[in-house]
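Scroll down for the structure; my scribbles are underneath it.
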There are 2 protein chains.
Amino acid sequence: MNTEIHNRIAVFRAERGMTRKELAEAVEVNPQTIGYLERGDYKPSLELGMKIAAIFDVPVEMLFSFEPFESVAAALRRSGEN
Amino acid sequence: MNTEIHNRIAVFRAERGMTRKELAEAVEVNPQTIGYLERGDYKPSLELGMKIAAIFDVPVEMLFSFEPFESVAAALRRSGEN
DNA sequence: TATTTTTGTTGTGTTAACACAACAAATCGT
DNA sequence: ACGATTTGTTGTGTTAACACAACAAAAATA
């Protein structure tokens with residue numbers, strides 16, 4: 001298995017004003033682990049992926065993708081917000 | 001990480017008339033691996049979970065869940081199909 | 001500015017998630 | 001019934017995904 005997985009953990013975390021420590025506690029992993037995931041140092045288990053998605057109350061596919069996510073700016077532009 | 005993950009891989013596979021070998025080839029894993037997942041012998045990586053969901057064209061949450069899935073019979077009853 | 005908090009880096013250790021193989025058992029097709 | 005195919009079980013091996021720790025650097029706060 002060598003497909004890269006892109007994630008928006010940092011974006012959702014920033015939006016909710018959470019530190020990595022808080023998110024780590026919420027999903028019961030080591031805070032370092034959140035850092036590794038955000039930096040793409042390693043890829044999560046399904047279990048962890050689903051837990052993080054549940055914390056943010058979004059579908060897994062909104063948080064993780066095989067394709068790079070478009071920038072938040074582009075998404076906002078497209079949504080008509082600005 | 002010790003939360004059980006339930007899956008409906010076998011259900012979706014049966015619905016599509018796929019063997020484990022075919023599904024394994026589609027997601028590029030060993031056929032045995034599909035068997036392990038279906039029997040709950042081990043839990044998939046997010047990468048593999050997402051790939052399988054993509055093959056079946058369903059959201060990850062429809063294929064995997066922390067809670068036991070209701071029986072297909074119950075779901076069909078509830079959907080009004082029978 | 002000084003202190004506290006958060007994030008990044010490096011290192012060590014464990015083990016579950018995979019691969020592969022061999023064989024048995026169950027199921028399917030003729 | 002028999003052969004082919006699919007699934008289940010067992011065993012061995014590899015390594016990435018985690019934990020934890022220590023420390024440094026960066027950022028935030030007082």
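All chains are named by letter (A, B, ...) in the order of the sequence lines, taking the proteins before the strands, and each is independently numbered beginning at 1.
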For this session: Search all heavy atoms of B:P31 against all heavy atoms of B:A24 and return the closest pair with its distance.
Result: CA-CB, 3.4 Å

Problem set entry | For B:H6 against B:F66, the heavy-atom pair lying closest together | CD2-O, 3.4 Å

Exercise. A:M1 CE to D:dA17 P: how many Å, rounded?
Worked result: 11 Å

Can you tabulate the close N/O pairs, meaning under 3.5 Å, that link protein atoms to atoms of nucleotides 25-30 of chain C?
none

Seminar exercise, completed: Sequence neighbours excluded, the answer for side-chain contact (heavy atoms from CB on, under 4.5 Å) partners of A:E22 is A:M18, A:T19

Exercise. Within this structure, what is the CD-to-P distance between A:Q32 and C:dT12, rounded to whole angstrom?
Worked result: 16 Å

Exercise. Between A:K43 and B:L46, is any pair of side-chain heavy atoms under 4.5 Å apart?
Worked result: no

Quick one: side chains of residues 49-63 of chain B, donor-acceptor pairs under 3.5 Å with protein atoms, not counting sequence neighbours, listed by atom name and distance.
unit_1: B:K51; atom_1: NZ; unit_2: A:T3; atom_2: OG1; d: 2.8
unit_1: B:E61; atom_1: OE2; unit_2: A:V60; atom_2: N; d: 2.8

Exercise. When you measure from every atom of DNA chain C, which of residues 19-31 of chain A have a heavy atom less than 4.0 Å away?
Worked result: A:T19, A:R20

Problem set entry | Heavy-atom closest pair, residues B:E47 and A:N2 | OE2-N, 3.3 Å

Seminar exercise, completed: Whole-Å distance, A:N7 CG to D:dA17 P, equals 13 Å

For this session: Determine, stepwise, if the pair B:V29 / B:L37 fulfils side-chain contact (heavy atoms from CB on, under 4.5 Å).
Result: CA-CA 11 Å; B:V29 296; B:L37 296 183; over 6 Å; no

Seminar exercise, completed: Expected list for residues 34-49 of chain A near DNA chain D, using heavy atoms below 4.0 Å, is A:Y36, A:Y42, A:K43, A:P44, A:S45, A:L48

Exercise. Does A:R13 place a side-chain N or O at less than 4.0 Å from the phosphate oxygens OP1/OP2 of C:dT6?
Worked result: no

Exercise. Heavy-atom count around B:E28 CD within 6.0 Å, excluding the residue itself: above 12?
Worked result: no

Problem set entry | Within residues 62-73 of chain B or reaching into it, pairs that qualify as side chain to side chain donor-acceptor pair (under 3.5 Å) - sequence neighbours excluded | B:E70-B:R78

For this session: State, yes or no, whether a side-chain contact exists between A:L23 and A:I9 at a heavy-atom distance under 4.5 Å.
Result: yes

